[in-house]
A.B. asks: 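Here you go, one structure.
Both backbone and side-chain heavy atoms feed into the values below; hydrogens, waters and symmetry mates do not. A, B, ... follow the sequence lines: proteins, then strands. Residue 1 opens every chain.
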Amino acid sequence: MNEKSSEAYHESQLYRIRHSTAHLMAAAVLEMFPEGKIAIGPPIENGFYYDFDLPRALTPEDLEKIESRMRALIASRCDFVYQEITPEEGKALFADQPYKLELIDGILSGGVDEDGEGAATLPVSKAPTLSIYKSGTFTDLCRGPHVQNSREINPQAVKLLNVAGAYWRGDEKRPMLQRIYGTAFESPKELKEYLNWLEEVKKRDHRRLIRELDLVSFHEEAGPGLAYWHPRGAMMRKIIEDFWRDRHLEGGYDFVYTPHIGKAWLWETSGHLDFYKESMYAPMDIDGQDYYLKPMNCPFHILIYKTQLRSYRELPLRWAELGTVYRYEKSGVLHGLMRVRGFTQDDAHIICTPEQIEGEALRVLRFSLALLRAFGFEQIEAYLSTRPEKAVGEPARWEQAQESLLRAINAEGLVYQVDEGGGAFYGPKIDLKIKDALGREWQLTTIQFDFNEPERFDMTYVGEDGNEHRPYMVHRALLGSLERFFGILVEHYAGAFPVWLAPEQARVIPIADRHIDYAKQMEDALRQAHLRVSTDASSSRMNAKIREAQLMKVPYMLVIGDKEVEAGAVAVRLRSGQDMGAMPVADFIAHAEKAIAEHALE
RNA sequence: GCCCAUGUAGCUCAGUCGGUAGAGCACUUUCUUGGUAAGAAAGGGGUCAUCAGUUCAAGUCUGAUCAUGGGCUCCA
């Protein structure tokens, strides 16, 4: 969500409805648990939540009770009454609500508001005001806004969704609270649409589809977060990698290959052991030396750089590698292919002179956009993250790098947001986020300047003046990780991949056994045309064969019966259900080749 | 890592009060040879996640561990 629509949302009736529904939910929960403690309960993107500290864990049955109690509260047509209070009144009012008391202290000291958000936007001179909203017997510390009366909430457009744990103030050292997520809309129809959308999300879940389509598996007994690519998945990955390599050759990149492990020295020098030791796999002792599985490829590329004295004449260097790295992600964060412990970055490092930065920034951005679009992602937004308080590298270099990135964004006419101070300590970056078919955002590309490692590894080049200079280094991963990108592709296309990516592009379906010979001839003709094809020679009926191919989302089904054998044709059926009728196999091949070349969905 | 929930056949699930396991799909075989999303029959398949404990008896009760899911925190 961009800032403008976020602002509009904050002022919308929908926002007030959700905020007020959250209050009613808290009221209902307190009716069930009079001794319960309430924390915060803001509207969020698709609904709202409220955090509670309760004597026992909530069950799904509790949610139903809470929800029906909420409907009764809505029906009571209570007013939401705003009132400003003094600090003393506040402390008295919430004497038995410790979380609220903490919020009051926060507000009075000007630090945070009742949603736990920074109040930096408020003028410092203005004394913070405490306010409450009363609805029925329930009173909450709250800035609002709310609906005037609960009759503005449609009880049929409200639904509680799930319970989850959440740390108080998002701090893992503070108590774990119970968070109830719910949603509310202006009309039951909109609620229904949202619930349908959730269903669609479920249907496209890559964890289900990678199993159903026989693409990738995980194995509890062999280690969580480590993906196994089956032949169909591996075929797709090969196609993605081949395409990626071809594009990189065209884009002026060279390729390198580097090891998977390295001595502690590498990671001490790079600084990774200082900052990320917790999320690196533990070292293994080899001949008395600590070796680590690599969490990054960059130190290896730097070692290659340092094998020679480098001249400004050979820069820029663009070195790419599909480098597999291992990171010890915390157990609770693993999620299918989206968050794994072993993954392959489509990594590259661009090493260049200060003068070349401008051109390289634009070049790599343009390159990434073309790559993402080739995979069918058209909606792309940029996020520029700039220098944080604590940072390494000369401010002038930061300035230059940030300006180069911004000019590149503008040159490409991208919609963008700036995250001031949001960069890593070692350099500014551009991230690109795409929107998938369900409107969900995914960050894929990251383009990061690094003022740290060239220094730590003492990278140099000899300039025109004969002196040593420090080069600029840019890390970039465009697809991110192949595993995650693959998962996103699966969800974006719901498993029905464009023909050029489909692991099996065509399936030949003989109607009876006497058609098998001819079917095999057709299969062979397609294979000679470099199509990925198989023949279903099983004893199933044609209907079953079609269903099977359909479930595997094979783009083309070529049905072969007496008529086709006689006419020397194939009857083409698309997975959309469309019957293209019979045509000579050469015509079909031409049709398929066109769809492949155009990266068509079909 | 933290909170909560879950773990029974390859998949989706049932299994009552504790009495040594069941369905559909898938798989194998046989019959069937058919015109655009499931032809029929028979058969094989389970240390009920793992390890302890309670009990005459544990899929079922208890504990620990592992994994998965929903979130939180994190994400170079």
A.B. asks: Is there a donor and acceptor pair, one atom on the side chain of A:E564 and one on the base of B:G35, closer than 3.5 Å?
C.D. replies: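 Side chain to base: pair found, below 3.5 Å.
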
A.B. asks: Could you give the distance separating B:A26 and B:U60 at their P atoms, to the nearest angstrom?
C.D. replies: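 Pairwise P distance, B:U60 against B:A26, rounds to 31 Å.
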
A.B. asks: Report yes if a side-chain nitrogen or oxygen of A:R211 is closer than 4.0 Å to either non-bridging phosphate oxygen (OP1 or OP2) of B:U12; otherwise report no.
C.D. replies: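 Yes, such a contact exists.
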
A.B. asks: Assuming nearest nucleotide by heavy-atom distance, tell me which of A:M542 and A:L177 is located more 5' along RNA chain B.
C.D. replies: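 Result: A:L177.
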
A.B. asks: Check whether any side-chain heavy atom of A:F451 lies under 4.5 Å from a side-chain heavy atom of A:P428, and answer yes or no.
C.D. replies: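 When only atoms from C-beta onward are counted, A:P428 and A:F451 do touch, with a gap below 4.5 Å.
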
A.B. asks: Taking atom P of B:C4 as reference, at what distance in whole Å does atom CE of A:M176 sit?
C.D. replies: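 Whole-Å distance recorded here is 9 Å.
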
A.B. asks: Let me know the distance between CE of A:M280 and C1' of B:C74, rounded to the nearest Å.
C.D. replies: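 The answer, rounded to whole Å, is 17 Å.
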
A.B. asks: A:E220 CD to B:U50 C1': how many Å, rounded?
C.D. replies: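 So the CD-C1' distance, A:E220 to B:U50, works out to 9 Å.
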
A.B. asks: When rounded to the nearest Å, what value does the distance between C1' atoms of B:C27 and B:C11 take?
C.D. replies: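 Here B:C27 and B:C11 have their C1' atoms 12 Å from each other.
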
A.B. asks: In whole angstroms, how far is the P atom of B:U73 from the CD atom of A:E172?
C.D. replies: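 My rounded result for the distance is 10 Å.
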
A.B. asks: Closest nucleotide of RNA chain B for A:K545 versus for A:Y426: which of these residues is on the 5' side?
C.D. replies: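 First, find each residue's nearest nucleotide; the 5'-ward one identifies A:K545.
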
A.B. asks: Take atom CG of A:D171 and atom C1' of B:C72, then tell me their distance rounded to the nearest Å.
C.D. replies: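 Taking CG of A:D171 and C1' of B:C72, I get 11 Å after rounding.
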
A.B. asks: Show your working on salt bridge (charged side-chain N to carboxylate O under 4.0 Å, His left out) between A:R174 and A:E102 and close with a plain yes or no.
C.D. replies: CA-CA 13 Å; A:R174 316 279 321 252; A:E102 190 179 326; 2.9 Å; yes

A.B. asks: Taking the C1' atom in each of B:U73 and B:C17, what is the distance between them to the nearest angstrom?
C.D. replies: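 Approximately 44 Å lies between the C1' atom of B:U73 and that of B:C17.
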
A.B. asks: Between B:U33 and A:D513, counting only base atoms on the nucleotide and side-chain atoms on the residue, is there a donor-acceptor pair under 3.5 Å?
C.D. replies: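 Flag set: donor-acceptor pair detected.
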
A.B. asks: State which residue, out of A:K553, A:R232, A:R532, fulfils the side chain to side chain donor-acceptor pair (under 3.5 Å) condition with A:E504.
C.D. replies: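 For A:E504, the side chain to side chain donor-acceptor pair (under 3.5 Å) check succeeds only for A:R232.
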
A.B. asks: Is the closest basic N to carboxylate O distance between A:D431 and A:K429 below 4.0 Å?
C.D. replies: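 Salt bridge flag = yes for A:K429 with A:D431.
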
A.B. asks: Is there a donor and acceptor pair, one atom on the side chain of A:R174 and one on the base of B:C72, closer than 3.5 Å?
C.D. replies: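 Per atom types, no contact qualifies.
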
A.B. asks: Please state whether the base of B:A76 and the side chain of A:S279 form at least one donor-acceptor pair under 3.5 Å?
C.D. replies: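 It does, because a donor-acceptor pair links the side chain of A:S279 to the base of B:A76 below 3.5 Å.
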
A.B. asks: For a quick check, tell me whether the side chain of A:R179 and the base of B:C3 share a donor-acceptor pair closer than 3.5 Å.
C.D. replies: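 No, no donor-acceptor pair under 3.5 Å.
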
A.B. asks: State whether A:R169 and A:D171 are salt-bridged, where the test is any N-O pair (Lys NZ or Arg NE/NH1/NH2 against Asp/Glu carboxylate O) under 4.0 Å.
C.D. replies: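 No.
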
A.B. asks: Could you work out the separation of B:G22 and B:U16 based on their P atoms and round it to a whole Å?
C.D. replies: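 The same atom, P, in both gives a distance of 14 Å.
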
A.B. asks: Would you say B:C4 has OP1 or OP2 under 4.0 Å from some side-chain N or O of A:Y181?
C.D. replies: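 No, A:Y181 has no side-chain N/O under 4.0 Å of OP1/OP2 on B:C4.
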
A.B. asks: What about A:F343 and A:W229, are their ring centers closer than 6.0 Å?
C.D. replies: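 Here the rings of A:W229 and A:F343 have centres that are no less than 6.0 Å from each other.
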
A.B. asks: Expressed in angstrom and rounded to an integer, what is the separation of A:E212 atom CD from B:C25 atom P?
C.D. replies: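 Computing the A:E212:CD to B:C25:P distance gives 17 Å.
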
A.B. asks: Given the P atoms of B:C2 and B:G19, what is the spacing between them in whole Å?
C.D. replies: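 Approximately 35 Å lies between the P atom of B:C2 and that of B:G19.
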
A.B. asks: Side-chain N or O of A:H335 less than 4.0 angstrom from OP1 or OP2 on B:G70?
C.D. replies: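 Yes, A:H335 has a side-chain N/O under 4.0 Å of OP1/OP2 on B:G70.
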
A.B. asks: Would you mind reading off the distance between A:M557 atom CE and B:G35 atom P, rounded to a whole angstrom?
C.D. replies: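 For the pair A:M557 CE and B:G35 P, the rounded distance is 18 Å.
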
A.B. asks: Establish, with yes or no, whether the OP1 or OP2 oxygen of B:G70 is under 4.0 angstrom from a side-chain nitrogen or oxygen of A:R207.
C.D. replies: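 For A:R207, the contact criterion (side-chain N or O under 4.0 Å from OP1 or OP2 of B:G70) is met.
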
A.B. asks: Mind calculating the distance between CZ (A:R339) and C1' (B:G71) to the nearest angstrom?
C.D. replies: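 Spelled out: CZ on A:R339 to C1' on B:G71 is 14 Å.
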
